[in-house]
There are 2 protein chains.
Amino acid sequence: MLSITCQTAIKAITYIASKYPENKKVGLKEIAIHINESEHTIGKVLQKLSKLSLISSHKGPKGGFFISKTQHNLPLLLIVKAIEGDSYFEMCGLGLSKCSDKHPCPIHKDFKPVRESFRKFCAKMTIGDLYSDLNVGNAFLIG
Amino acid sequence: MLSITCQTAIKAITYIASKYPENKKVGLKEIAIHINESEHTIGKVLQKLSKLSLISSHKGPKGGFFISKTQHNLPLLLIVKAIEGDSYFEMCGLGLSKCSDKHPCPIHKDFKPVRESFRKFCAKMTIGDLYSDLNVGNAFLIG
DNA sequence: ATAATAAAGGACAAGTTTGTCCTTTATTAT
DNA sequence: ATAATAAAGGACAAACTTGTCCTTTATTAT
């Protein structure tokens, strides 16, 4: 349902956020190990999130990625939209560009609620929520 | 959420099924016009569905694609699985191969119900259901 | 100031998905 | 039997996504 790039983004941001309580910055190398993805790939996607101010970063020694208190409270929705495109949660299930309640595709009526339930969960869940289970060992980013 | 190939498959099968009441076979050219996709592309995907007996076809003059009474009652789920793969509705939201209730990813708890609601709707809706609104002008395959 | 570190960014390489073309096979009608 | 029609199937081409590398820029510590 989500692209691999978006999955990587969420895993990376979750790891970064998990260090928020300790107020610790994390580097690409460290993230790569903990989410089991290539350092380069992660760098690419975090660059994008950083430019959009969904995460923060500092260059140089002792630099790395981290999230601010504001970013800690951002909904997952913003990350998904940043990677998948703004209209991701309005997409027709069959790819019609003008699909709507008035001009529906054959699965519109049933697909829309599914899409909406996904959107609602993404809108409700925050970056901070992502790591809470992780830090107590009840969720995992690898496996 | 669904691949373009799968969207094309559903649109094509919907058009084919829409001629079930008239007991009419339809050719690639005709399908192509009514779902606004290339004849070649449609041929490729229908070949697959045909081989899996999700649709029927006859070669030669007066040939074309059609669905049997049995196929008319098949759930949409089978088409989706045929194209997207059997494990489509078990996929982890973050792409982890071993994500489960016991070893969940950070979004597992919320993502699973969404995925399930999509699966349930695909399991419930039949090929026949797909075209009922279409034939009375309440649904569209183009636009 | 200089050197070392780490993200930013551009360029490109690989892989996957999607789309096209062409030949073969089966069926029908003459 | 022959010709015409239409799907089946294989091979390949284009497009898009994903992954990698290398250079640049900013920051820190010495």
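Proteins get letters first, then strands, A, B, ... in listed order; numbering begins at 1 in each.
- Here A:Ser50 does not reach the OP1 or OP2 of C:dA7: none of its side-chain N or O atoms lies under 4.0 Å away.
- In this structure, A:Ser38 does not reach the D:dG19 phosphate: none of its side-chain N or O atoms is under 4.0 Å from OP1 or OP2.
- Using a 4.0 Å cut-off between charged nitrogen and carboxylate oxygen, B:Asp101 and B:Lys112 count as a salt-bridge pair.
- OP1 or OP2 of C:dT20 has at least one side-chain nitrogen or oxygen of B:Thr41 nearer than 4.0 Å.
- The separation between B:Glu39 atom CD and D:dA6 atom P is 10 Å, rounded to whole Å.
- The main-chain N or O of B:Ile142 is found under 3.5 Å from a side-chain atom of A:His103 such that the two form a donor-acceptor pair.
- Taking atom CD1 of B:Ile4 as the reference point, atom P of C:dT16 lies 18 Å away to the nearest angstrom.
- On a pure distance criterion of 3.5 Å, a polar donor-acceptor pair joins the side chain of A:Lys44 and the base of D:dT20.
- The base of C:dG9 lies outside donor-acceptor range of the side chain of A:Lys48, with no N or O pair under 3.5 Å.
- Note: CD (B:Gln47) to C1' (C:dC21) measures 13 Å, nearest angstrom.
- For the OP1/OP2 pair of D:dA8 and a distance below 4.0 Å, the side-chain nitrogens and oxygens of B:Ser57 include at least one atom meeting the criterion.
- Dashed line: the shortest gap from a side-chain N or O of A:Thr5 to OP1 or OP2 of D:dT18 is under 4.0 Å.
- With rounding to whole Å, A:Lys59 atom NZ is found 4 Å from D:dT25 atom C1'.
- Among the atoms of the strands shown, none is found under 4.0 Å from any heavy atom of A:Gly43.
- Taking atom NZ on B:Lys29 and atom P on C:dT20, their separation rounds to 16 Å, with Å as the unit.
- B:Glu37 places its CD atom 14 Å from the C1' atom of C:dT17, with the value rounded to the nearest Å.
- Because its NZ or CZ atom is not both nearer than 6.0 Å to the ring centre of A:Tyr88 and within 45° of the ring axis, A:Lys81 does not count as a cation-pi partner of that residue.
- Computed from coordinates, the A:Lys25 NZ to C:dT5 C1' distance equals 13 Å when rounded to whole Å.
- Positionally, the nearest nucleotide of DNA chain D for B:Lys62 lies more toward the 5' end than for the other of B:Lys62 and A:Cys6.
- Using the Watson-Crick or G-U wobble rule with both distances under 3.5 Å, C:dT27 pairs with D:dA4.
- Across all strands shown, B:His40 has heavy atoms under 4.0 Å from base atoms, whether or not it also approaches the sugar-phosphate.
- B:Leu46 comes within 4.0 angstrom of nothing in the nucleic acid, heavy atoms only.
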| request: Kindly indicate, with the supporting measurements, whether the criterion side chain to side chain donor-acceptor pair (under 3.5 Å) is fulfilled by B:Tyr20 and B:Gln71. | output: CA-CA 10 Å; B:Tyr20 175 76; B:Gln71 290 164 341; over 6 Å; no
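- The environment of A:Lys25 atom NZ is dense: over 12 non-hydrogen atoms of other residues, nucleotides or ligands sit within 6.0 angstrom.
- In this structure, CG of B:Leu52 is placed 14 Å from C1' of D:dA8, rounded to the nearest angstrom.
- Under the Watson-Crick or G-U wobble criterion, with both distances below 3.5 Å, D:dG19 is paired with C:dC12.
- Note: the hydrophobic cluster containing A:Val26 also contains A:Leu49 (ILVMFWY, side chain heavy atoms under 4.5 Å, direct or indirect links).
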